[in-house]
Trainee: 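Let me give you the structure first, and then I'll get to my questions.
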Amino acid sequence: DVILAVDGLTVENLSPGEIGVLLSGPIGSSVDLAVLRENEELSFTIERQARERLHVEMVESNVGYLKLGGFSNGIVEPTLDGFRELVQSGAETIIWDLRGNTGVAMRATEQVLGYFFEDDVPLYSIEMADGSRPINVAAVTQENAQTMIPLVVLVDSDTLSSSEMAAAVITASGRGTVIGQTTGGKG
């Protein structure tokens, strides 16, 4: 299916992240969709449901898996607790699944990245449009940080915004391996 419109608004020129924002709303509310399926335009009204934002499990005796559906200010501590739980359960490698993660809160992303880096390790730089001095953002190590545990980060075309930045930091720093599709947002 190809989404054509959300609540009557044509989405032809919108990014996947922008469409995701249109699809979001209060749990239990409805959204009207127009979709194209095999050359036939169909209309649906769908009730919005809660989406699991965080899933933590051991997938093997020494491999932990953490799926993070999105970065937000309220997700930092549960995410860090999830990583700590995996390590306490014997994880020697962590698979961090950012597929479908729309990013959003850059500060939350930085805080979660602090679990994998020593204090003051550069995460990224922001270059100013006016040519003034770049702003460098460095890690602030979190409690019980795991700065040596191997990381595998999963991404897809719906990995957007600050989750793309997290994957880029992991790759550029040599801290882990990123596997998947080309991400779909800003970079």
Side-chain angles (χ1 to χ4, degrees), residues 15-21 23-27 48-124 137-187:
S15 71
E18 292 168 323
I19 295 170
V21 169
L23 293 171
S24 300
I27 295 169
R48 292 179 174 105
Q49 298 179 357
R51 178 173 94 172
E52 184 178 40
R53 305 272 301 159
L54 183 65
H55 177 79
V56 180
E57 71 174 294
M58 292 295 291
V59 292
E60 291 186 20
S61 62
N62 64 346
V63 178
Y65 172 86
L66 188 141
K67 167 75 173 163
L68 181 59
F71 284 104
S72 63
N73 294 326
I75 200 72
V76 172
E77 280 308 313
T79 302
L80 295 175
D81 289 345
F83 284 130
R84 291 180 189 118
E85 176 186 323
L86 292 173
V87 171
Q88 290 171 356
S89 296
E92 296 173 10
T93 298
I94 291 178
I95 300 169
W96 187 12
D97 191 346
L98 296 177
R99 292 176 295 179
N101 185 314
T102 56
V104 180
M106 187 64 87
R107 183 69 186 128
T109 307
E110 295 164 10
Q111 290 173 314
V112 171
L113 282 170
Y115 187 70
F116 300 109
F117 291 93
E118 298 286 343
D119 269 338
D120 299 323
V121 169
L123 296 178
Y124 62 92
V137 178
V140 177
T141 302
Q142 298 292 330
E143 180 182 343
N144 300 318
Q146 297 297 314
T147 60
M148 299 301 289
I149 196 165
L151 292 172
V152 175
V153 180
L154 305 180
V155 298
D156 66 7
S157 61
D158 293 324
T159 303
L160 308 173
S161 193
S162 66
S163 59
E164 289 177 290
M165 186 275 299
V169 166
I170 297 297
T171 299
S173 67
R175 186 64 192 76
T177 303
V178 175
I179 299 173
Q181 301 171 329
T182 301
T183 58
K186 299 172 187 151

Trainee: How long is the straight-line distance from CD of E77 back to CZ of R84, given to the nearest 0.5 Å?
Mentor: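 The CZ atom of R84 sits 6.0 Å away from the CD atom of E77.
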Trainee: Is there a side chain to side chain contact (heavy atoms under 4.5 Å, CB included) between D81 and E85? Walk through the geometry before answering.
Mentor: CA-CA 6 Å; D81 289 345; E85 176 186 323; over 6 Å; no
Trainee: Could you report the tightest heavy-atom contact between A166 and T109, atom names first, then the distance?
Mentor: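 Heavy atoms only, the tightest pair is CB-CG2, 3.8 Å.
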Trainee: Donor-acceptor check, side chain of D156 to backbone of G180, threshold 3.5 angstrom: yes or no?
Mentor: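 No, because the side chain of D156 does not come within donor-acceptor range (under 3.5 Å) of the backbone of G180.
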Trainee: Taking the side chain as every heavy atom from C-beta outward, state whether D158 and T102 have any atom pair closer than 4.5 Å.
Mentor: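 They are not in side-chain contact.
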Trainee: Using only atom types and a distance under 3.5 Å, with no angle test, would you say the side chain of S157 pairs donor to acceptor with the backbone of T182?
Mentor: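 Not confirmed, S157 side chain does not pair with T182 backbone.
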Trainee: Using a 4.5 Å cut-off on heavy atoms from C-beta on, say whether the side chain of E57 contacts that of V59.
Mentor: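 Yes, at least one pair of side-chain atoms sits under 4.5 Å.
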Trainee: Quick check: closest heavy atoms across S161 and G103, and the distance to 0.1 Å?
Mentor: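 Scanning both residues completely, I find the closest heavy atoms to be CB-CA, 4.2 Å.
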Trainee: For Q111, which of T79, L80, V76, I75 qualifies under side chain to side chain contact (heavy atoms under 4.5 Å, CB included)?
Mentor: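 Exactly one option meets the side chain to side chain contact (heavy atoms under 4.5 Å, CB included) with Q111, and it is V76.
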Trainee: Quick one: ring pair (Phe, Tyr, Trp, His ring centres under 6.0 Å) pairs with a partner in residues 83-109, sequence neighbours left out?
Mentor: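 Residue pairs passing ring pair (Phe, Tyr, Trp, His ring centres under 6.0 Å), neighbours aside: F83-W96, F83-Y115, F83-F116, W96-F116.
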Trainee: Between N101 and R53, is there a side-chain heavy-atom distance shorter than 4.5 Å?
Mentor: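 Side chain of R53 against side chain of N101, heavy atoms only: no contact under 4.5 Å found.
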Trainee: Can you name the residues that form a side chain to side chain contact (heavy atoms under 4.5 Å, CB included) with D97, not counting sequence neighbours?
Mentor: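 Only Y65, K67, R99, L154 meet the side chain to side chain contact (heavy atoms under 4.5 Å, CB included) criterion with D97.
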Trainee: Rounded at 0.5 Å granularity, tell me how far CE in M106 sits from OG in S163.
Mentor: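 Those atoms lie 9.5 Å apart.
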Trainee: Taking the side chain as every heavy atom from C-beta outward, state whether L68 and L98 have any atom pair closer than 4.5 Å.
Mentor: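 Yes. Closest side-chain heavy atoms under 4.5 Å.
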